[in-house]
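Below you'll find the structure, written out as structure tokens, and then a few comments.
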Protein chains: 2
Amino acid sequence: MSVLIVGSTALDSIKTPAVENPKLLGGSASHAAVAASFFSPVKIVGVVGKDFPKKYVGLYRKHKIDLEGLQILPGKTFHWVGEYEVNMNNRRTLLTELGVFETFTPTLPESYRKSPFVLLANIAPSLQSHVLDQMQRPKFIVADTMDLWLNIALADLLKLIKRVDAFVLNDSEAHQLTQCDNVFAALKKIHKLGPKYVIIKKGSHGSILSGPRGYFICPAYPLHNVCDPTGAGDTFVGGMMGYLATARGSIDANIRRAMIYGSVTASFCCEGFGLKKTTTVKRTDIEKRVKELEKATRF
Amino acid sequence: MSVLIVGSTALDSIKTPAVENPKLLGGSASHAAVAASFFSPVKIVGVVGKDFPKKYVGLYRKHKIDLEGLQILPGKTFHWVGEYEVNMNNRRTLLTELGVFETFTPTLPESYRKSPFVLLANIAPSLQSHVLDQMQRPKFIVADTMDLWLNIALADLLKLIKRVDAFVLNDSEAHQLTQCDNVFAALKKIHKLGPKYVIIKKGSHGSILSGPRGYFICPAYPLHNVCDPTGAGDTFVGGMMGYLATARGSIDANIRRAMIYGSVTASFCCEGFGLKKTTTVKRTDIEKRVKELEKATRF
């Protein structure tokens, strides 16, 4: 089945002491869509400017991503400039140019409205809600977010959370939202806001699912070298949704394995700047790491 | 088979904004010995002063811990005073009184020297080595440590590491020892120092084993409320060694499950001050949580 993904479509300039990496393909929707495309057909909703490089359109197409919902408007593509310190642990935002994103209203093509799986990747919660308003009874809705929306659009976010099946956020965002230091206490509080499934991402420490079958402690794939974690969280949810949309059986029966596939896909994302590594990966590379992760968790 | 455990035997005064908890039974050997006692006979090596409360000797005895190697010397028992902040995340040492520990030389009773399993719990590495010198061909030797010894006794520690089968440390200590931020890169470097097995503890994020069968990603038991993590790392290695000493088959075949038992035993430690909760636990409580952890990691 197909996955509809809305989120940001951006150009990311990622600096390190060694390299510049100007205007790589980035944004939550780009990372999530490429990740989901390994498993299922993907329809993307987003906006770019006239300056959006043709090679990036080609990259989307190479991953067979449906671009009917990608608006190309006069103006500039959303541009983010960030810098890593020597040890690659601290990322600083140097510049954010919203461009055509400033006035973006996601309007779904008719062919998108019946997509059974909807991933509301990180973007303003009012826009995530606006996409949901246009959908016809999706089977499974997942929303991701970031600290920015907790700070400037909390009311919108709380309204959105009530409407989704699964809500995904990272550990520091969960702490900010619930005032709980403990992730399991935080999960309990977030369920009370509506979602049946809550997933807390913990970076290299993996992620935790809380759902009807209890907790699932999902490991991260063991990486010896992290090049650039930008987009890893988006890749995780994208891979998870792509796998879920293609798996037979209930969500409950498949969501754990779907997280493992998301986790493995995210490990490739971390190994290159932007989408550089992810876009070179084959399904067989993913299957190999899933098997390794199975071996590394068996006892 | 029996486990010999050497380490500190102390009185811990653990303050929080709400309670005082003066002079609880503490120390790495106490936590590790109680944890191991759920699975195997334990022989403890340590020193206390004449002020050591009889009720704590009773607590050791209740856990059938062999006390022939526990020296009771004129003077005061090692006393540690620490304080937690409101959110229980930051611990500060207020006072350390070494007492009889200052001149402690662990001398093993004859009946201890053939113990097949040796746990060198956290204590000065020169004392850990001194215990090894007195042993007769143990089957499996594990050493734990702490940042203090990396700071003031690194040469001794490096000498010790060469002699052990498994070396255990936490993630910040691994970083300090190897200058690697990445735990998997750190594990690789630590193997080069000698040990066949290396385990990095990551607190509530679980632990990672690196050994001949590759990595094992060991989860922490999901706790909604952490009362006092003091001794959790000691409890983890103690439980692990206790389980290993009783399991049939090779170390390789059992070490992963042993870590799970250690992890679960440590979860009880975190739920009470000092050894308060751990000493009320029954083997059946441990088995129940092991089953839950199996359920929470299956996919």
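By convention in this document, chain letters (A, B, ...) are assigned in the order of the sequence lines, proteins followed by strands, and residues within each chain are numbered from 1.
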Quick one: what part of Ala258(B) sits under 4.5 Å from any heavy atom of chain A, side chain, backbone, both or neither?
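Neither part; nothing is under 4.5 Å.
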
Close side-chain approach of [X] and [Y], heavy atoms under 4.5 Å:
X	Y	result
Tyr261(B)	Glu287(B)	yes
Asp285(B)	Phe38(B)	no
Asn225(B)	Asn182(A)	no
Phe216(B)	Met259(B)	yes

Heavy atoms from other residues, nucleotides or ligands near NZ of Lys202(B) exceed 12 (cutoff 6.0 Å)
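Yes, NZ of Lys202(B) has more than 12 neighbouring heavy atoms, counting only those of other groups under 6.0 Å.
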
May I ask you to check whether over 12 heavy atoms, not counting those of Lys15(B), lie within 6.0 Å of atom NZ?
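At most 12 heavy atoms, drawn from other residues, nucleotides or ligands, come within 6.0 Å of this atom.
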
Side chain from CB out, backbone as N, CA, C, O: work out which of these in Glu294(A) comes under 4.5 Å of a heavy atom of chain B, or both, or neither.
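Both parts, heavy atoms under 4.5 Å.
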
Under 4.5 Å from a heavy atom of chain B, the part of Ile260(A) involved
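The side chain, not the backbone.
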
Pick from His205(A), Lys295(A), Arg298(A): which one has the most heavy-atom pairs with chain B under 4.5 Å?
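Heavy-atom pairs under 4.5 Å are most numerous for His205(A).
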
Kindly assign one of parallel, tilted or perpendicular to the pair His224(A) and Tyr215(B), based on the angle between their ring planes and the thresholds 30° and 60°.
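Plane angle between 30° and 60°, so tilted.
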
Option among Thr230(A), Asp12(A), Val34(A) that satisfies the side-chain contact (heavy atoms from CB on, under 4.5 Å) test with Leu275(A):
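Output: one option passes, namely Val34(A).
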
What residues of residues 235-255 of chain B sit under 4.5 Å from chain A when you count only heavy atoms?
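Heavy-atom contacts from residues 235-255 of chain B to chain A are absent.
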
